[in-house]
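Down below is the structure, laid out as structure tokens.
All values derive from a computational prediction rather than experimental measurement. Chain identifiers are assigned alphabetically (A, B, ...) following the order of the sequence lines, protein sequences preceding nucleic acid strands; residue numbering begins at 1 within each chain.
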Protein chains: 2
Amino acid sequence: MYSPTMRLLTVLELLQSYEEMSGPELARRLEVDVRTVRRYILTLQDMGIPVEAERGPGGAYRLERGRRLPPLLYSDAEAVAITLGLLGIREFHFPVDVAAVEGALAKTERVLPENLLHQVRSLQEAITFNFSRYGSPPPAILDSDFIVTLSSAVHQRQRVYMRYRSFSGEESQRDYDPYGIVFNEGYWYTAGFCHTRQDLRTFRVDRMLALELIDEHFERPADFDVLNHVLTSVAFIPGAQAVEVVLKTSIERAREHIPPIMGTLEESGEDVIFRRTASQLDWIAHVLLGADFPVFVKQPDELRDLLREMAAKALQMAGG
Amino acid sequence: MYSPTMRLLTVLELLQSYEEMSGPELARRLEVDVRTVRRYILTLQDMGIPVEAERGPGGAYRLERGRRLPPLLYSDAEAVAITLGLLGIREFHFPVDVAAVEGALAKTERVLPENLLHQVRSLQEAITFNFSRYGSPPPAILDSDFIVTLSSAVHQRQRVYMRYRSFSGEESQRDYDPYGIVFNEGYWYTAGFCHTRQDLRTFRVDRMLALELIDEHFERPADFDVLNHVLTSVAFIPGAQAVEVVLKTSIERAREHIPPIMGTLEESGEDVIFRRTASQLDWIAHVLLGADFPVFVKQPDELRDLLREMAAKALQMAGG
DNA sequence: GCCAATCAGGACAAGTTTCGCCCTCATTAG
DNA sequence: CTAATGAGGGCGAAACTTGTCCTGATTGGC
């Protein structure tokens with residue numbers, strides 16, 4: 001029961017649980033000489049586990065990150081947490097290598113004590129997740145490499161080359177500066193700057209066909225709100241109508257009311273001009289309708305028509 | 001380098017990676033006698049790790065679940081998966097003991113090789129999650145025990161006693177048969193049968209004050225759609241305005257246009273009635289305006305007024 | 001500057017364990 | 001019945017572990 005192996009593992013466990021522990025303390029806990037503890041440390045190091053030491057009073061051993069993973073000694077509760085996390089990854093289509101998730105799950109569940117397994121199973125059975133917008137198709141199988149690459153590009157501000165199949169099925173390729181990644185209602189999106197279109201764009205990661213890092217760096221606007229941009233884009237679906245609207249208010253109030261991602265705002269005499277391009281005009285119409293200052297549409301005519309239709313419809317609804 | 005401890009861990013690793021492995025095979029891999037392998041197995045068993053064996057041709061050792069967790073030996077990819085899973089738990093307010101999540105994260109991240117840690121950090125930094133409906137308050141801190149207890153009750157069809165603080169702040173207590181648990185837009189819900197109200201009810205788990213299993217069992221309707229029930233209930237937030245609208249179309253087309261999250265649809269003669277409660281009427285107005293079939297508001301008057309205002313505004317915008 | 005606490009590690013002897021090799025037996029699929 | 005597997009006793013040589021002494025190195029605090 002008190003084999004050297006056991007004591008060695010205990011050292012490892014103690015170092016994993018407390019971030020650091022001194023030699024004498026370890027010796028006391030293992031009921032063993034300090035010299036032996038030092039030998040254990042040596043053995044661990046020989047096994048490739050990087051135990052580092054600080055000398056002097058208050059000095060202690062601590063586990064550093066190394067090239068390889070040491071055996072991990074988790075408590076029961078921690079194992080349950082790990083299992084549920086892995087199940088969550090599976091459920092949410094997290095961008096993680098499927099084989100790794102299955103492997104980790106298999107290893108963990110196989111040795112999980114009976115009562116803990118019951119707990120996990122109960123949760124698994126009882127819980128339903130709502131994402132993947134009720135009724136919408138499930139996302140295409142996601143190549144987790146894409147998100148890993150994207151996140152690395154976001155992190156290092158590195159441009160990427162991308163091939164993409166759009167909603168309508170047409171393929172395109174472009175250079176793209178990813179500003180961030182968003183998980184929304186079961187789908188993974190990325191928002192950033194598209195160099196082909198020279199504009200901000202949102203893409204669905206499961207529609208990407210190829211992705212490569214390019215050896216070029218970009219600057220990211222400091223205050224870019226990725227989540228907001230994606231949510232807006234998801235509502236819009238990009239298109240190509242030039243919209244130009246006069247806002248009868250100050251630039252400050254206009255900014256308050258119209259988020260920067262909606263389009264551009266420009267002062268013009270006493271007014272403010274709002275511009276953007278879109279094919280889905282009704283979202284724009286809705287945002288503009290919410291303004292508490294006068295607004296006049298300059299173009300396109302389609303937006304005017306839409307507003308008139310909406311007015312007629314609203315009156316019909318209200319008066320019926 | 002080839003200490004007995006090392007070999008013992010290798011046995012453990014092999015048994016964790018492959019679900020079973022015969023003595024001769026292990027002996028070959030460890031470059032050790034079969035007799036020694038048997039001794040290793042004995043040692044593992046002495047350490048409390050339940051290694052079981054099948055005899056006869058094709059027989060092998062296999063790791064069973066035991067009373068305690070053995071040291072776990074994961075691959076790099078698996079460790080990344082575990083870390084991301086744990087981060088997901090934290091982000092999504094999964095019903096798991098916070099201390100356990102933090103402990104497991106600390107243990108794992110502390111020893112994660114540098115390059116893998118970078119990967120994890122990049123993902124963590126780059127990804128934004130959208131739940132907790134843009135702008136709505138974050139859920140109250142969740143006592144994970146409640147969901148564990150609930151899930152166990154769901155699993156065993158066991159009634160619970162519950163104290164609850166409703167949306168409006170009033171406390172109540174009731175006996176409740178939980179049919180399931182749903183995660184929706186950042187909040188945890190449970191739906192089931194409330195014995196006090198003698199009706200189906202949905203509760204937010206973070207609003208529960210106390211929860212106890214009762215020694216009584218219930219039958220659960222076989223075809224109960226927990227997700228659907230919760231989504232519908234969420235649409236009907238009590239205390240807000242009751243909205244009732246006639247849609248001049250078939251139930252099928254109405255369903256296409258109005259997601260179940262919005263509210264309920266009910267056939268009425270040739271029409272469809274849409275109902276929900278809401279405090280934010282303009283969102284509803286917008287959705288209804290987008291319909292390509294006639295719509296008439298029955299109540300509330302505030303929605304009619306809002307529509308008239310919108311009409312006036314739209315005409316102003318279009319006509320300017 | 002000195003002290004005390006910590007880590008680092010050599011040397012050695014006594015004690016303990018491990019390992020391979022022998023053996024016999026139990027179990028089980030074919 | 002046979003062959004392949006696990007279970008395990010016994011033995012002796014070899015290897016390892018441990019405690020006890022050392023001597024140093026490093027470092028924080030007084």
Side-chain angles (χ1 to χ4, degrees), chain A residues 1-66 70-71 110-111, chain B residues 1-66 70-71 110-111:
Chain A
M1 191 62 196
Y2 281 107
S3 60
T5 299
M6 205 57 179
R7 284 197 290 259
L8 205 57
L9 285 177
T10 309
V11 174
L12 198 55
E13 185 175 6
L14 288 170
L15 290 177
Q16 273 172 31
S17 296
Y18 305 83
E19 358 207 322
E20 62 173 46
M21 190 167 280
S22 73
E25 175 69 10
L26 283 168
R28 201 184 55 71
R29 298 213 185 206
L30 299 176
E31 297 178 312
V32 112
D33 195 87
V34 188
R35 182 68 185 86
T36 303
V37 168
R38 277 202 275 280
R39 280 195 269 249
Y40 286 158
I41 300 291
L42 258 183
T43 309
L44 288 175
Q45 288 169 340
D46 282 351
M47 282 165 54
I49 298 169
V51 184
E52 303 295 329
E54 285 162 20
R55 296 181 167 194
Y61 295 101
R62 72 165 56 232
L63 215 51
E64 299 289 323
R65 66 187 76 261
R110 193 176 313 137
V111 297
Chain B
M1 190 63 195
Y2 281 109
S3 58
T5 301
M6 203 58 178
R7 286 197 288 260
L8 206 55
L9 284 178
T10 308
V11 174
L12 199 54
E13 184 175 8
L14 288 169
L15 289 178
Q16 274 173 30
S17 296
Y18 306 82
E19 13 201 312
E20 62 173 46
M21 190 168 281
S22 74
E25 176 68 10
L26 283 168
R28 201 183 56 71
R29 299 215 186 204
L30 299 176
E31 297 177 315
V32 113
D33 195 87
V34 189
R35 183 65 184 87
T36 303
V37 168
R38 277 203 275 280
R39 281 195 267 248
Y40 287 159
I41 301 291
L42 258 185
T43 309
L44 288 176
Q45 288 170 338
D46 281 352
M47 282 167 52
I49 298 169
V51 185
E52 302 296 327
E54 285 162 20
R55 296 180 167 194
Y61 296 100
R62 73 163 58 231
L63 215 50
E64 300 289 322
R65 68 186 75 261
R110 193 177 312 137
V111 297

Taking the side chain as C-beta and beyond, is there a heavy-atom pair between B:Val11 and B:Val37 under 4.5 Å?
-> no

Between A:Val34 and B:Gly23, whichever has its closest DNA chain D nucleotide further toward 5' is B:Gly23

Looking at C:dT27, D:dT18, C:dC7, which one has an atom nearest to any side-chain atom of A:Ser22?
-> C:dC7

Roughly how many Å is it from CD in A:Glu52 to P in C:dC7, rounded to a whole number?
-> 13 Å

Grab the OH-C1' distance between B:Tyr61 and D:dA4 for me, whole Å please.
-> 13 Å

For B:Leu44 and D:dG6, give me the distance from atom CG to atom C1', rounded to whole Å.
-> 15 Å

Closest to the B:Pro24 side chain: C:dA4, C:dC7, D:dG6?
-> D:dG6

What's the CZ-P distance between B:Arg38 and D:dG9, to the nearest Å?
-> 12 Å

What bend angle does the helix from C:dG1-D:dC30 to C:dG30-D:dC1 show across its length, from five-pair end axes and to the nearest 10 degrees?
-> 50°

Could you state the interatomic distance from CG (A:Leu9) to CD (A:Gln16), rounded to the nearest 0.5 Å?
-> 9.5 Å

Is any side-chain nitrogen or oxygen of A:Tyr40 closer than 4.0 Å to OP1 or OP2 of C:dG9?
-> no

Ignoring hydrogens and angles, tell me if any N or O in the side chain of B:Gln45 forms a donor-acceptor pair with the backbone of B:Val51 under 3.5 Å.
-> yes

How long is the line joining CG of B:Leu8 and P of D:dC16, in whole Å?
-> 16 Å

Between P of D:dT5 and CE of B:Met21, the distance in whole Å = 13 Å

May I ask you to say what A:Gly56 touches in the nucleic acid, namely base, sugar-phosphate or nothing, with a heavy-atom cut-off under 4.0 Å?
-> base

Hey, is the side chain of B:Arg35 pairing donor to acceptor with the base of D:dG9 inside 3.5 Å?
-> yes

Tell me whether the OP1 or OP2 atom of D:dG19 has a side-chain N or O from A:Thr36 closer than 4.0 Å.
-> yes

Sugar-phosphate only, base, or nothing, as touched by B:Val32 at under 4.0 Å among non-hydrogen atoms | sugar-phosphate

What closest approach, in Å, do A:Glu19 and A:Arg62 show between heavy atoms, and which atom pair accounts for it?
-> O-CB, 3.4 Å

Rounded distance in Å - CG (B:Asp33) to C1' (D:dG8) | 13 Å

For B:Arg29, salt bridge (charged side-chain N to carboxylate O under 4.0 Å, His left out) partners two or more places apart | B:Glu25

4.5 Å side-chain heavy-atom contact, A:Leu12 and A:Ile49 = yes

Could you tell me whether a side-chain N or O of A:Glu13 sits under 3.5 Å from a main-chain N or O of B:Pro71, the two making a donor and an acceptor?
-> no

Which whole-number value in Å describes the distance from A:Arg55 CZ to D:dG29 P?
-> 18 Å

Nearest nucleotide by nearest heavy atom, which residue falls closer to the 5' end of DNA chain C, A:Arg39 or A:Thr5?
-> A:Arg39

